[in-house]
Amino acid sequence: MNALDGGDRRLNPRDPRDQHTAHYEAGYQPRNYRDPAYSQDHGYSQDHGYSPDHGYGTYQQSDYPDRQSRPQQGPDVNIGMFVGGVFAAAVVTALAAWLCAWIIEIIATRVTESGNFGVWNPMSQDAYWFAAVAFICTLLAGVLWYLLRLGTPSPELFFNWIVGILTAAAVIIPLALSSHLWVGISTAVEHLVIGLPILSMVGMVGAKSIINQ
C-alpha cells in the first residue's frame, strides 16, 4: 500500500493526478490542454492583407503643404462696419462741437446785451466752422487707426497716445498764443470737446470692428 502511495503513481491506473491516466477520469483535463476544435487556426491568419498600417504608413505631413494655414493679408478688421462706425463718430463729434460753440455764442450775446462787459465775442470762428473741423478730424483719426492696425503691433496704444498728445496741444496752444484771454479759453474748450469724442469713440469703433479668428 505504501508502495502505491509513495512509489510509482503509474501503478494506479485510476489516479487522476497522473497525467498519463487522466483519460480514465470523465471531465478531467490535464494542464495545457487545448480542444482541437477551438484552435486558433481557423483559416484566419493575422496577415490576410490587414497590416497594422492599413496602407497609411507612408503618410507624411509634408505631402500636403496646401492645407497648412496661410497668414492673412491685411488687418483682421470688418471694413464696412469700421467705416460706418467712424462716419457715425464723425457726425457725433461734429454735433458736439457745434453745440458747444452755439452755447458759447449764446453766452457771449447775453453778456454783450447786458452792457456790463461791453462787446464780448470770445469765439474765433463760428459754430459751423468748428463742426466741419470736428467732422474732418474724426475721419482722419479713423484713417490713422487703420494704418496703425496695419503696421504696428499695438495700434490701440499708439492711437491713444497720438490723439491724446494732439488734443493736449490743441488745448494748450490757443491759451498760450491767443492775444485775448477769453478767445483762447473758448477755443481751447472747443478743441477739447472735439478731441475727447475722437479719442474715445474711434478707438472703440476700431476695437468692435476686429474680426475674431
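Numbers here simply count residues along the sequence, with the first being 1. All values reported here derive from a predicted model rather than from experimental measurement.
- Of all non-hydrogen atoms in Ala131 and Ala94, the two that sit nearest each other are O-CB, 3.4 Å.
- At a threshold of 4.5 Å between non-hydrogen side-chain atoms, the residues Ile106 and Trp102 count as touching.
- Residue Trp145 comes nearest to Ala207 through the heavy atom pair CZ2-N, 4.0 Å, listed as atom of the first residue, atom of the second, then distance.
- For Ser186 (side chain) and Val183 (main-chain N/O), a donor-acceptor pair under 3.5 Å exists by modelled atom type.
- Rounding to the nearest 0.5 angstrom, the gap separating the CD1 atom in Ile194 from the CZ atom in Phe135 is 13.0 Å.
- One finds the SG atom of Cys137 at 11.5 Å from the CG atom of Leu144 (value rounded to the nearest 0.5 Å).
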Exercise for review: Could you walk me through whether Ser178 and Thr187 pass the side chain to side chain contact (heavy atoms under 4.5 Å, CB included) test, one step at a time?
Suggested key: CA-CA 9 Å; Ser178 179; Thr187 304; over 6 Å; no
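- Looking at residues two or more places apart in sequence or on another chain, you find a side chain to side chain contact (heavy atoms under 4.5 Å, CB included) between Ile103 and Leu99, Ile107.
- The side-chain heavy atoms of Ile173 and His191, taken from C-beta on, include no pair separated by under 4.5 Å.
- Rounded to the nearest 0.5 angstrom, Leu95 CG and Cys100 SG are separated by 13.0 Å.
- Put simply, the side chain of Met81 does not reach to within 4.5 Å of the side chain of Val205, judged on heavy atoms.
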Practice item. Determine, stepwise, if the pair Phe159 / Tyr146 fulfils ring-ring contact (aromatic ring centres under 6.0 Å, His included). Key: CA-CA 10 Å; Phe159 178 81; Tyr146 186 81; over 10 Å; no
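- Residues that satisfy the salt bridge (charged side-chain N to carboxylate O under 4.0 Å, His left out) test with Glu105, not counting sequence neighbours, are absent from this structure.
- Distance check: Phe87 CZ to Leu139 CG gives 7.5 Å after rounding to the nearest 0.5 Å.
- Rounding to the nearest 0.5 Å gives a distance of 9.0 Å between CZ of Arg149 and OG of Ser154.
- Nearest heavy atoms, Gly195 versus Val163: O-CG1, 4.3 Å.
- Checking each of Val92, Leu196, Val86, Thr138 against Met201 for a side chain to side chain contact (heavy atoms under 4.5 Å, CB included) leaves exactly one that passes, namely Val92.
- In this structure a side-chain-to-backbone donor-acceptor pair under 3.5 Å is present from Glu190 to Ala101.
- The CD1 atom of Ile104 sits 11.0 Å away from the CH2 atom of Trp182 when rounded to the nearest 0.5 Å.
- Contact check for Ile185 versus Leu175: side-chain heavy atoms found under the 4.5 Å cut-off.
- Side-chain heavy atoms closer than 4.5 Å link hydrophobic residues (I, L, V, M, F, W, Y) into clusters, and following such links, possibly through other members, connects Ile79 to Val202.
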Practice item. Verify side chain to side chain contact (heavy atoms under 4.5 Å, CB included) between Phe130 and Trp98, making sure each step is shown before the conclusion. Key: CA-CA 6 Å; Phe130 283 109; Trp98 174 84; over 6 Å; no
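- With a 4.5 Å cut-off on side-chain heavy atoms, Leu148 and Ile162 count as touching.
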